[in-house]
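Working notes, structure below.
Just so you know, these numbers use all the heavy atoms, side chains as well, and skip hydrogens, waters and symmetry mates.
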Amino acid sequence: MQTEELPEKTLETLTEAAKTARLSPADEDTAAQLLRQALASGKKGLAAALDALVALPWNVGVKAVGDAWPELKPLARTQFLNALGKVDSDAAKRIRLSLARGLFPLDKPATIKLIAAVCAAMDATEGGPTPRDRQAFAGVLFGQAKPWLLHLPLAEWKPAEADAVLRCALAASQTQPFTQIWVLRWMADAGKLAELPAEQLEVIAKSVERWHPKLKKDLKKTVPELPKVIDDLLAPPAKSQVKVESYRPPPNPAAPQRRPAPEAAPARRDRATVSSSENFDLSRALHEIDDYVGSLRAELQQAHAVRREREPARGRAHAEPLAATGED
C-alpha cells in the first residue's frame, strides 16, 4: 500500500480492514507508523487515532502509543487519555488496559490513571464487572504463572481507585484459585486485605472453602496473615468420632414367647451399627469432587506455565511481550 500521498486515508482504510480480517504483518507495521503520526499531530489527528486504536490489533496500538509517548507534551497526553476514556465499549476498555500495561515502564502515573478509570467503569455496572469485563481484566493483567498485576503499586493508589481495582481483581480471579492466591498476597502486602468489608471477605471465604486441601495449604504458605474468616477455613479438620452403640434386635410379636431356663443368661449380641445411608453427606461429597476438579485445573495451569517457560520463543510473532507491551 502507498502511504506517502494520503496517510490519513490509508490509516482509515487499514482501520476498516482490521474490523473484518487480520492485517498482514506489513500492514500492521504501516498502521502503527501512521497511528504514531496521527498522535503526534495533536488534536488534528486525535479522532482518527482513537478510531484506529479501538479497531486495530492491540499490539499495533500499544506499539504506536509507546513510540509516540516520549514525544508528546503533558497536555497532549492528558487530552489523549481523557478522549480515550470517553469511548464506551468493551474494545475500548480492553485497549486501555493494554495501553496501561505497555506504558508502565514509561509512565507509571499514566498506567495507574488508565487502570483505575477502567476498573471504575467496570465496577459501576449493576452487579459489578460483567463476564466480558472479567475476561478482559484477566487477559491483560493476569497472564500466565504469577499475575502481571503484582507489578502495580497498590499502596500508592487513592482509596477509591484501589477499591475499584481490588473488586475487579477479585471478580476476575474468582474461578482461578492459583491466581487468586497471588491476588490475595498482592492485597495483603499493600495492607488492603484486612481492610476489606466483611461481606467481601465472606465472598472470598466461600470461594476458598471449595478449594482442594492442597490449594488451601498453598494459600496459607503464600499469605500467612489472613483475616480470621478465611484463616479458620484453613485449619485442619477435626477427626470425626463415630459413636458405636450396642445393638439388640427388636422383639417380634409373632414369635412364640419362651421363658429361658433359670440358669441360662440372656442372649446378647454386640455389633457396630454405622449406617452408610444415615452418615453420607451428599453436599459435602459434591464439594469434595468440586475441590478435586479445581486442584486438577490449577495443576494443569501451572504445568502449562512451566512448559511455556521451557519452550523456545517461536511462533509468537503476535504475542504481547510481558515486560512492556501487554498480555501473555
Side-chain angles (χ1 to χ4, degrees), residues 119 123 128-129 134 137-157 159 162-242 281-310 322 328:
C119 289
D123 192 51
R134 295 195 294 267
F137 188 98
V140 180
L141 300 183
F142 286 168
Q144 301 295 332
K146 290 185 180 180
W148 183 88
L149 187 75
L150 302 182
H151 293 288
L152 298 178
L154 180 61
E156 300 177 10
W157 289 11
D163 290 345
V165 176
L166 290 179
R167 284 191 287 270
C168 288
L170 289 171
S173 65
Q174 192 171 12
T175 58
Q176 306 177 36
F178 179 76
T179 300
Q180 191 172 33
I181 289 174
W182 286 106
V183 170
L184 295 176
R185 165 70 181 272
W186 177 62
M187 296 169 59
D189 289 346
K192 299 292 184 180
L193 183 57
E195 298 177 359
L196 287 179
E199 57 271 18
Q200 185 67 68
L201 291 174
E202 288 289 346
V203 172
I204 299 173
K206 289 180 179 179
S207 175
V208 172
E209 188 176 14
R210 296 191 296 268
W211 290 3
H212 188 273
K214 181 180 182 301
L215 291 171
K216 294 180 181 180
K217 183 177 180 181
D218 290 343
L219 172 60
K220 184 63 177 177
K221 181 179 179 181
T222 306
V223 193
E225 299 295 331
L226 285 165
K228 187 176 186 302
V229 66
I230 302 175
D231 194 51
D232 287 347
L233 297 173
L234 307 181
K239 295 183 179 180
S240 59
Q241 297 181 354
V242 180
D281 189 338
L282 177 60
S283 177
R284 180 179 179 183
L286 292 176
H287 277 310
E288 291 178 352
I289 294 173
D290 187 47
D291 291 342
Y292 180 67
V293 173
S295 69
L296 292 179
R297 289 176 178 169
E299 292 175 1
L300 181 60
Q301 183 183 28
Q302 295 180 49
H304 282 316
V306 172
R307 187 187 66 181
R308 288 190 180 95
E309 292 176 357
R310 293 179 178 176
L322 175 63
D328 292 337

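In this structure, the side chains of Lys217 and Leu234 stay at 4.5 Å or more apart for every pair of heavy atoms. Contact annotation: the side chain of Leu193 approaches that of Pro227 to within less than 4.5 Å [non-hydrogen atoms, C-beta and beyond]. Using a 4.5 Å cut-off on side-chain heavy atoms (C-beta onward), Leu149 and Trp182 make no contact. You'll find the side chain of Leu219 reaches within 4.5 Å of the side chain of Ile230, heavy atoms only.
The shortest non-hydrogen separation linking Cys119 to Phe137 is SG-CE1, 3.6 Å. Here the closest heavy-atom approach between residue Pro224 and residue Lys220 is recorded as O-NZ, 3.0 Å. Closest approach of Gln180 to Trp211, counting heavy atoms only: OE1-CZ2, 3.1 Å. Nearest approach of Ala169 to Ser173, heavy atoms of both residues: O-OG, 2.9 Å. Across every non-hydrogen atom of Gln174 and Ser207, the tightest pair is O-OG, 3.7 Å. When all heavy atoms of Met187 and Leu166 are compared, the closest pair comes out as CG-CD2, 3.4 Å.
Among residues at least two apart or in separate chains, there is no salt bridge (charged side-chain N to carboxylate O under 4.0 Å, His left out) pair with a member in residues 191-206. Listed by first and then second residue, the salt bridge (charged side-chain N to carboxylate O under 4.0 Å, His left out) pairs that reach into residues 170-191 are Arg185-Asp189, sequence neighbours excluded.
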**OP:** Could you go through the side chain to side chain contact (heavy atoms under 4.5 Å, CB included) check for Phe142 and Val183 one step at a time?
**Re:** CA-CA 9 Å; Phe142 286 168; Val183 170; 4.0 Å; yes
**OP:** Walk me through it: do Leu184 and Thr222 pass the test side chain to side chain contact (heavy atoms under 4.5 Å, CB included)?
**Re:** CA-CA 9 Å; Leu184 295 176; Thr222 306; over 6 Å; no
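Scanning for salt bridge (Lys or Arg N to Asp or Glu O under 4.0 Å) contacts around Lys214 gives Asp218, with sequence neighbours left out.
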